[in-house]
Each structure stands twice: as C-alpha cells, then as structure tokens.
Q: 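First the structure, then my questions, so here it is.
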Amino acid sequence: MITPPVDATTTSAWAALTAHRAAFTPDLRGWFAADPQRAGRLSHGVGDLHVDLSKNLVTDETLEILVRLAHEVDLEGRIAAMLAGEHINVTENRAVLHTALRRPASANPRLVVDGQDVDADVQAELAKVFAFAERVRSGEWTGVTGAPIRTVVNIGIGGSDLGPVMAYEALKPYAADHVELRFVSNIDPTDVAETLRDLDPTTTLFIVASKTFGTLETLTNARLARQWMWTGLVAAGAIEDTDDARSAAVAKHFVAVSTALDKVAAFGIDPQNAFGFWDWVGGRYSLDSAIGTSLAVAIGPDGFRDLLAGMHSVDEHLRTVPFERNVPVLMGLLNVWYVNFLGAHTHAVLPYAQYLHRFAAYLQQLTMESNGKSVRWDGTPVTTDTGEVFWGEPGTNGQHAFYQLIHQGTRLVPADFIAVATPAHPLVDQAAPGAPDVHELFLANFFAQTKALAFGKTADEVRAEGTAEEIVPARVFGGNRPTTSIMAPALTPAVLGQLIALYEHITFVQGIVWGIDSFDQWGVELGKVLANQIAPAVAGDAAALDAQDPSTRGLIEYYLAHRRRR
Ligand code: F6P
C-alpha cells in the first residue's frame, strides 16, 4: 500500500503563498536600500561554498512561508527516509542511497539496508576501483603487447557518461597527464569513429559503463569498439587472428561497470575486470559509484576521495542544518516559488569557470529526468506544475548570446551564477593598460551581471546619460531578475563534489514538494521501445514500413530514397 504524498497545494503554507503572491511586488532596489543586512542575512555557507540568495525575489516573509511549506509536506521525514534507505523510489520499489556512496569508511553506526551492510559493500567496491585506477596510472596494467595504457575510453550514456565527462572536464588540472580520458556516448557512429580515429589500440583501454548493461547505445558502441580494437591489433601484428587471441585481448583492453554482472560476462568481459554497484543508485546519481571509475583513473584515489568527502559534507548539511539556513532546502524552495507562483518555465545555470562547461548538460539529466513528471508517486496526477527546463553555458560566452533575453525579455529566468576565487590559470594581460589579471576581469563580469539583473537601469538614469528620448525605452533595464551567486575558493575535487550534491538535493526538495518520485524515469522508455520496432522499417522491411503512421512512414521513405548503403 503506497502512502500518498502530502498535496502541497492543500497546505496552509500554499494558501499563504498564494495570498502573499497576490500582494507581491518585487523590489530588489527598495529592499536593499531599506535593509543593509539583507545580503548578509541571506548568504549562507555549505561546505566550502558561499551562497548569496539575497538577489532572489523574496522577502523574509516569503522565505518564512516557504520553509513552513517544507515542514507541512514533511520534508524532514522524507530526508530521513531517504538517508535510512527506505524504498522512496516507489515505482521501482527501491531505496535511494546515493548518499551512502560517500559516507566515510569510519561511519558509525553502520548503514544496514534490506539486510545489506551498505557501508561495507561500498568500501569494498571502492577499494577495487581504486586498485584498478592505481594499476592503470602506474603502468602496471598493460595491453596485449605489454605497453602501458595511454587512453581510457568510457563508453556509456546518460548517467553512465554525463557525470564522468563533466567531472573530468571540471577537474582537468587534477588529472594525470600520461593517461587521457575520452568518452563515447551517442549511437551516431560519428561519435565512436571520431573518438577512436587517432588512437592506438595497443595502448587503449575501454570502460563499458552501463547500470543495466542493456542500453542499445552503449552495447552497440562497445561492440564497435571491440571490433575496432581487434582489427587494429591484428593489423599491427599484436595478436593472431584467432578466437583465443581475441578473447585474451578483451581481457586486457575492456573492463566494465554495471549492476548486471551476468550480462557483463555474456559480453565477454572477465567478471574479474568488472566493478559493481547497486539498484539503489540511480543512473544520474551514480558518478560517485563505480561509474566514476574513469574519473578515478584520471584524478587518482586521493582526488576521488576528496570528491566524495565534498559530497558528504553537503549531505550532512542537508541532514542537520535547520531549514532556515539549509542551502539545498532554500534553493529548492526558491525554485518552487519561481515555478509555481511567479511562472518561471526555465532555470539557467551559468558557471563562470570554463572547466565547468559541461555542468549544465550534466544538470539537465539530473534535474529534468528527476522532476519532469506529471503524476505523483502514488499514481495520482500532480496538482501543480513540476520540473523546469535547466540550461546554461559558461560565462562570459552566454553574455554575448542569450543574456539579452534574461536582462530585457518578457520571461522570468531565475539563474544561478557560479564562480571561484582562485583560477587554475592565473594569467596577466601584460600588453593591456594596467596589465590586468584576467581572472579579475572575468570575475568583474560575474559580479556585474547579477548586479545588472537585480537592480537594472531606470529611464531617468538612461536619460541622464544624454540618450535621445525615443531610444530611452530600449535602453532601460527593468531589474528584479532573480539570481543566486555561488562562490568557492577554487574548483577542487571537494568543491565539485559539493556542487553536485547541492544540486542533487535541490532536485530532491522540489520533488518532495511536488509529491513526485524523482528517482524513476519511465518517460524515456517509450522512445526506446519504438526505436526497436522502427529499426526494421529503416532497414527497408516493407511490412514494418507499412505499419507506421503516415508522418513517420514519409520520413523513413525520405531516408530510404536517399540512403547510400555501405
Ligand atoms: O535515459 C534513461 C537511462 O536509463 C538513464 O536513467 C541512465 O542514466 C541511462 O539511461 C543509461 O542507462 P545504463 O547506465 O543502464 O546504460
């Protein structure tokens, strides 16, 4: 019997928010002028992160009612249930325990869930991953010819790709330079072809990462990679063209990460070379499981432990800090305010850190696969709008592309700005006047944008610059465009871990308010099933083609008329 969620829209806090909204006039200029403490009072620490919420469209009263809403939907009960391993992923009848992946080895009392000593299992698997990572990094793990591995190619998609690739890009300064990582995800054959084009099969190791080990894209790419490797090794005279030699090559050049170790063996990968995890780790929450094996090779066990420690510090913050100062809770509630009361449809995440250039792509799966739902966890329809569209690009590139709409468009686009104090590359522009530190120029843009968005520029201010009257309206900035600023000392593995866990928990908080199961993803299934059904039609099967609707048939016929077979 499934316990239904509390319907947020029936709570007294929701009614209070509705009334509050009706009388609400955003006025960041006025609020800051009247209250010199606003920035200090609405800035909070979480781990190493400094989070300034003061440029959001909220008063103390708004926040007070939002926190009341969190209590009325029993957010504290749901956090406790998640951390204790209750089966809060109702539609898949699973615990949700990604937080267990970063509990310290010394955690006491131990976490035992469904009769499983979760802490012991996590530490045992982590030890296997770290031992493997060390062997690759040290050159002890060699390919068939005895040459050390120079390139590790992670083959996975969704959560088995986006986390590792985002984190590898983010932590480049911490990565070993003698082993490069590459990633193949798309079933577009261009991806595997381009990624492998200049690689040497004798020094390449593939990690096939798939929670289910049943994903069409990943298994297809893994087979293509195996074919490429065999062909290359035979051509180089590194192996005989025999079945035994091929199997031996797979053992040296392929490892796997999965919860389905039987399927790994069926693919031909030695179970000794497979790293496991558990059904209570959702794909988009799995970077810190064995899915992060490629990252562990790149940044080493110490870097990976720092990432885990950073994540754990935010888990502890979520668990222990009162909601009034609890950053993921407040940021999740702010998103609810924007979506359900101020009509926001999207949310921008704008890192002023080039190394975070894949962060928005990673967040898109985390947030939208989690909260893009129309039914609640008991199967009843949602009672209000749910997940917003997350998107973003690194600053300052976005400034010269889409910021116009955020500054002066008709849409409300709440935005998170992320920056670090210490750059990875402290360059000085020697030839420019004053020889500016370029990171400081970069930060000046970061500060300027949230200031402009919050406070805008009035018509009188524009006029005072001598602007012709008919041009004034075009040059006015309305302000009251909400932003959150997140700053950190530097982009270290620990800080990246904190950012990831922060957004995981923001997503969770929103899901609880909306009463949805943020940990299933049934919405991706239909397309997968149909792709399998349509594949024969695309290959030219007349009966399969006839079975399609007229639009789909027409599109496939266009392809068939234009195709050039291999
Ligand atoms: O897109 C659906 C999905 O199931 C994601 O949730 C998951 O991260 C991805 O596919 C890859 O799945 P797997 O790791 O099982 O190959």
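Side chains are part of it too, since the values below use all heavy atoms of this structure and drop only hydrogens, waters and symmetry mates. We count ligands from 1, going down the list as the structure has it; atoms in each ligand are counted the same way.
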Q: Quick check: do Phe277 and Ser286 have side-chain heavy atoms less than 4.5 Å from each other?
A: yes
Q: Under a strict 4.0 Å criterion on non-hydrogen atoms, which protein residues are in contact with ligand 1?
A: Ile157, Gly158, Gly159, Ser160, Ser210, Lys211, Thr212, Thr215, Gly283, Gln365, Glu369, Gln521, Val524, Lys528
Q: Would you please test Glu504 and Arg102 for salt bridge (Lys or Arg N to Asp or Glu O under 4.0 Å) and show each step?
A: CA-CA 13 Å; Glu504 286 178 349; Arg102 49 259 196 164; 2.7 Å; yes
Q: Checking Asp378 now: which residues fulfil salt bridge (charged side-chain N to carboxylate O under 4.0 Å, His left out) with it, not counting sequence neighbours?
A: none
Q: Anything under 30° is parallel, anything over 60° is perpendicular, the rest tilted; go ahead and classify His98 against Phe519.
A: tilted
Q: Tell me if the centroids of the rings in Tyr503 and Phe359 come within less than 6.0 Å of each other.
A: yes
Q: When rounded to the nearest 0.5 angstrom, what distance separates CZ in Phe390 from OG1 in Thr507?
A: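 Rounded to the nearest 0.5 Å, the CZ-OG1 separation comes to 6.0 Å.
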